Asker: 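The structure follows.
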Amino acid sequence: MEIGETSGSIMQRDPNCTLCPLHKTADFVCLLGAGPRRPQAMLIGEAPGQREDAEGRAFVGRAGQLLDRMLGEVGLSRDDLYITNVVHCRPPNNRSPTRREISACMKWLNYEVSMIKPKIIALLGNVALKAMLGLKGIKKLRGRPIERDGVTYLPMYHPSYILRGDNKDLPTGIADLRTLKDIIEYGGVPEERDLRPTLVDTWPKVEQMLAALTGSVSVDIETTTLYPWAKDARVVMFGFGTRAGEFDVPAFHKDSPWTDKDISRIVELATDKLEDTINVYHNGKYDCLWMKVHYGVNWRNDFDTLLAHYLIDENSLHGLEFLARLYFGAPNWDIPLEEKQGNAPLPKLAKYHAHDLFYTRKLFFELSHELKDKQIKRVFRHILMPAANLFVHMEHRGCYIDATRMDEAERWLRSELTKAELALNKWGKINWGSPKQVGKLLYNDLSIKCPQTTRKGAPSTSESALNQIDHPAVADLIRYRGHRQQLSFFVEGWRPYIVNSRIHPSFKLHGTVTGRPSCEHPNFQQVPRDTRIRSQITAPTGWTLVEADLSQIELRLAAELSRVPSMMEAFRTGLDIHWKTALGELERYAGQRELVLATARAAQGSKTSYAEGIEILRKMGPDAAIDIDPAWKEIRKRAKAVSFGYLYGMWHKKFRIYARDNYGIVISDEEARKSREAFFDLYPLTTWHHSCQRIAADYGYVRTMTGRKRRLPHAQDGHDSPERAEAWRQAINSPIQGTASDLNLMVLLELASAYPRTVVKPIITVHDAILAEVRDDYVERVATRLLEIMRSPVMLKIFDIHFAVPICGEVKLGPWGSGVSLERWRRENAGNQK
DNA sequence: TGCTGATGCGCG
DNA sequence: AAAGCGCGCATCAGCA
């Protein structure tokens with residue numbers, strides 16, 4: 001070993017190192033870093049380059065020069081820094097070091113770190129990030145300090161990366177070096193200057209905390225699990241961010257001084273104070289739900305920073321840490337999941353928790369200022385925040401599951417599945433759930449011609465492809481898939497979620513870019529319409545499940561927004577648009593001949609021609625036709641899909657495919673084009689389409705009728721592109737989808753405010769429908785009221801919306817998917833109402 | 001062994 | 001060059 005051969009180094013290097021193969025190709029073996037023994041910070045790069053290798057000095061090539069320039073820019077000097085690399089020999093051909101080389105050379109990096117003992121380390125590039133912290137994703141992690149074992153790490157781009165990118169990331173690199181300088185000057189993460197955490201572990205401190213609960217207060221909790229009904233679900237810590245600092249109350253933690261009784265008392269005292277404060281949460285639905293489940297308290301959420309940011313930019317992420325960095329350049333204060341769940345010492349947990357509280361409160365001031373758009377603020381105040389609070393009760397109630405129906409559904413699905421599988425196994429014993437194996441069997445072993453490939457070029461086994469194949473296995477395969485999916489989604493998939501006969505799904509009010517809520521764990525918005533599946537969800541004894549849905553709401557809104565006279569007229573006279581479209585399509589191709597003739601005959605009592613039959617069907621409407629033959633239901637459903645397709649910008653080529661897959665009708669391009677033209681002749685929507693596109697292109701966004709924005713930056717692209725075409729189609733769809741969803745939420749809110757929570761319990765929203773459990777003695781009143789609400793939602797006044805097209809809805813009473821109309825329910829339950 | 005992307009399919 | 005929109009999730013296969 002030699003001492004100090006490297007210029008400026010105080011290290012003992014090993015020029016004969018053979019820990020990895022790089023020693024064979026490098027000129028200068030074991031090129032350690034350079035700098036003072038007690039530097040302000042340590043910088044770690046990737047590996048020596050050509051010039052470094054030749055001169056035996058770290059960071060002297062082009063990257064080194066750029067680094068010097070950047071350091072100069074922010075007022076840092078190389079003389080105060082120790083600069084080294086993860087790998088200490090030059091890899092040949094300018095390649096990156098391999099994992100093996102990196103792990104072999106860690107010995108030398110660890111040696112350098114142990115000698116220098118830096119408190120601050122800058123990680124230049126992904127290799128250093130991975131080597132020191134085991135993390136990857138420099139683009140995501142750069143610029144934010146990460147503290148570990150008392151050392152502050154700052155990931156940033158490697159200067160070579162900046163050079164490769166033509167210096168377009170130079171400003172970012174310089175900004176990150178400024179952060180480094182801040183950290184050096186402060187001796188740690190600067191933002192923490194503002195943090196004033198108090199671990200509330202004595203009664204005097206409780207008093208101090210309660211006294212601080214005035215004005216705007218941020219609220220946050222830490223928990224052992226994400227699911228409040230899990231077996232080992234506990235609140236680890238709860239607390240409040242105030243003007244006087246952050247107060248962290250340890251609850252379920254091995255070092256907590258509090259008994260369960262103490263905690264209940266503290267929660268009770270805090271609950272009183274929170275009545276009179278402005279309560280700020282980040283995704284408060286989560287915290288409020290937990291507090292309700294575990295302590296039985298109803299904490300009110302006045303301002304949700306996640307939902308506020310969702311309205312400010314629906315395309316972005318909305319996580320607390322992400323926003324704190326975006327708005328304040330905050331450090332990464334995250335700790336490992338395991339520690340958050342209660343396995344960190346209390347002071348460490350309190351510090352983490354204090355960050356959450358501090359930045360939630362800080363974001364409140366920032367975002368309430370940024371919600372300056374009056375219309376958006378109105379959506380926030382009158383829809384999102386009330387809905388966020390209502391959803392707590394909705395999720396808390398959960399959906400009642402009928403165990404008997406679930407068992408029946410399972411038995412039926414399993415027997416169907418067995419039958420289908422038995423039939424399939426004639427063709428080969430494979431895993432029929434694997435698209436790859438199915439593809440191989442069909443297209444290789446059975447030598448069927450593959451009708452289409454997937455996006456990635458693999459032979460497709462999708463339903464669309466299968467429908468083009470003439471083979472007896474196809475029908476069985478489609479059945480097999482359907483039953484298999486239903487079994488694993490809606491029976492097996494649900495079972496683990498059941499708690500006391502109920503499933504508590506989680507809704508995200510920020511789940512979509514259009515304003516619709518989404519639903520997960522499980523997703524109750526994708527339950528098949530099959531009665532066997534749907535009616536698993538019902539209401540317990542003493543309660544009735546009520547479903548209210550807004551009839552054809554998207555189409556009504558399209559009529560309203562486009563002002564197309566024929567569409568508006570259709571809704572004024574109560575005509576069914578999808579029915580009209582369905583019959584138009586059939587007539588064009590003289591399709592479903594026997595069904596048309598048979599249905600018309602049944603209705604008429606005498607034989608008719610095909611054309612007369614179509615006319616009779618047109619007059620009788622879908623409901624009467626479905627009564628005669630249920631096959632009409634499917635036909636109308638398919639026409640509906642086509643109408644929506646055209647409405648939202650589908651082109652004739654896709655219709656061709658649609659007709660082939662769904663009607664089994666092979667039509668020419670020309671015929672498809674004519675079909676589309678016929679639709680637009682009937683409903684001239686083109687002008688409206690263009691105006692939506694124009695607005696998006698001019699402003700870069702479109703709005704719902706409630707004022708919610710859908711930002712479409714690509715709509716402003718100067719040239720025609722797939723992205724712009726997509727944005728333009730979204731410009732047509734979003735105002736409708738978003739308005740429909742807001743309307744649905746408004747109906748839900750109005751229902752909830754019309755009756756006490758002891759009488760009406762909303763449980764699910766499905767885009768244009770709501771489901772609620774209603775106490776038996778209130779069913780008739782609530783159902784009637786719901787119909788009134790849907791005809792004229794009181795909340796339309798708040799948004800100053802006036803409809804020319806009538807809106808209405810229908811209610812169904814009874815298990816989901818098999819409920820009956822109010823009239824029928826009245827007949828069957830006469831005299832049960834108070 | 002756990003993660004990611006592709007595929008496929010349920011709903012509105 | 002390509003042309004309905006919006007979701008969640010189970011499964012498989014490839015990869016580390």
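Everything numeric here is computed off the predicted structure, so don't read it as measured data. In the text below, chain A, chain B and the rest are named by the order of the sequence lines, each starting its count at 1.
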Asker: Mind checking the C1' distance from B:dG8 to C:dA2? Whole angstroms is fine.
Answerer: 23 Å
Asker: Between C:dG6, B:dC9, C:dG4, which nucleotide gets closest to the side-chain atoms of A:Arg481?
Answerer: B:dC9
Asker: With DNA chain C as reference, determine whether A:Arg516 or A:His521 sits nearer its 5' end, using the nearest nucleotide of each.
Answerer: A:Arg516
Asker: Over how many whole Å does the gap from A:Gln437 atom CD to C:dC12 atom C1' extend?
Answerer: 9 Å
Asker: Does any nucleotide pair with B:dC11 by Watson-Crick or G-U wobble geometry, both distances under 3.5 Å, and what is it?
Answerer: C:dG6
Asker: Distance check: side-chain N/O of A:Ser518 vs OP1/OP2 of C:dG8, anything under 4.0 Å?
Answerer: yes
Asker: A:Glu726 side chain: which of B:dG10, C:dC5, C:dC9 is closest?
Answerer: C:dC5
Asker: Can you check the distance between C:dA1 and B:dC9, where both ends of the measurement are the P atom (answer in whole Å)?
Answerer: 31 Å
Asker: Please give, in whole Å, the distance from C:dG6 P to A:Arg729 CZ?
Answerer: 9 Å
Asker: Looking at the side chain of A:Arg484, which of C:dT11, B:dG8, C:dC5 is the nearest nucleotide?
Answerer: C:dT11
Asker: Please tell me which of the listed nucleotides, B:dG12, C:dG8, C:dA2, lies nearest to the side chain of A:Asp768?
Answerer: B:dG12
Asker: For atom NZ of A:Lys340, is the number of surrounding heavy atoms from other residues, nucleotides or ligands below 6.0 Å larger than 12?
Answerer: yes
Asker: Testing A:Trp229, A:Phe524, A:Trp494, A:Tyr400 one by one against A:His504 for a ring-ring contact (aromatic ring centres under 6.0 Å, His included), which residue passes?
Answerer: A:Trp229
Asker: Of the listed nucleotides (B:dC9, B:dC11, C:dG6), which one gets closest to any side-chain atom of A:Arg534?
Answerer: B:dC11
Asker: Starting at atom CG of A:Asp669, determine the distance to atom P of C:dA3, rounded to an integer number of angstrom.
Answerer: 13 Å
Asker: Between C:dA1 atom C1' and A:Trp728 atom CH2, what is the distance in whole Å?
Answerer: 15 Å
Asker: Report the nucleotide, chosen from C:dC9, B:dG8, C:dG4, that has the shortest atom-to-atom distance to any side-chain atom of A:Trp651.
Answerer: C:dG4
Asker: Which of the following nucleotides, B:dG12, C:dA13, C:dG4, is nearest to the side chain of A:Val766?
Answerer: B:dG12
Asker: Tell me yes or no: between the side chains of A:Arg516 and A:Ser741, is some donor less than 3.5 Å from an acceptor?
Answerer: no
Asker: Does any donor-acceptor pair link the side chain of A:Gln737 with the base of C:dC5 at a separation under 3.5 Å?
Answerer: yes
Asker: Counting distance alone, no hydrogens or angles: does the base of B:dG10 have a donor or acceptor under 3.5 Å from a partner atom on the side chain of A:Arg529?
Answerer: no
Asker: Atom CD1 of A:Ile732 to atom P of C:dC5: distance rounded to whole Å?
Answerer: 10 Å
Asker: How many whole angstroms separate atom CD1 of A:Ile736 from atom C1' of C:dC5?
Answerer: 10 Å
Asker: State whether A:Lys654 places a side-chain N or O below 4.0 Å from either non-bridging phosphate oxygen (OP1 or OP2) of C:dG4.
Answerer: yes
Asker: Kindly check if the number of other-residue, nucleotide or ligand heavy atoms within 6.0 Å of OH (A:Tyr699) is above 12?
Answerer: no
Asker: Would you indicate, yes or no, if C:dA1 has its OP1 or OP2 atom less than 4.0 angstrom from a side-chain nitrogen or oxygen of A:Arg724?
Answerer: no
Asker: Rounded to the nearest 0.5 Å, what separation is found between the OH atom of A:Tyr310 and the CG atom of A:Leu509?
Answerer: 8.0 Å
Asker: Quick one: which of B:dG10, C:dA1, C:dG6 gets closest to the side chain of A:Thr512?
Answerer: C:dG6
Asker: Using atom types as modelled and distance alone, determine if a side-chain donor or acceptor of A:Thr765 lies under 3.5 Å from a backbone N or O of A:His767.
Answerer: no
Asker: Please pick, from B:dC11, C:dG6, C:dA2, the nucleotide with the shortest atom-to-atom distance to any side-chain atom of A:Gln730.
Answerer: C:dG6
Asker: Enter the distance from A:Asp476:CG to A:Arg479:CZ here, rounded to the nearest 0.5 Å.
Answerer: 5.0 Å
Asker: Between atom CZ in A:Phe680 and atom P in C:dG4, what is the gap in whole Å?
Answerer: 11 Å
Asker: Would you mind telling me which of B:dG12, B:dG10, C:dG4 lies closest to the side-chain atoms of A:Phe644?
Answerer: C:dG4
Asker: Send over the distance from A:Phe490 CZ to B:dC11 C1', rounded to a whole Å.
Answerer: 8 Å
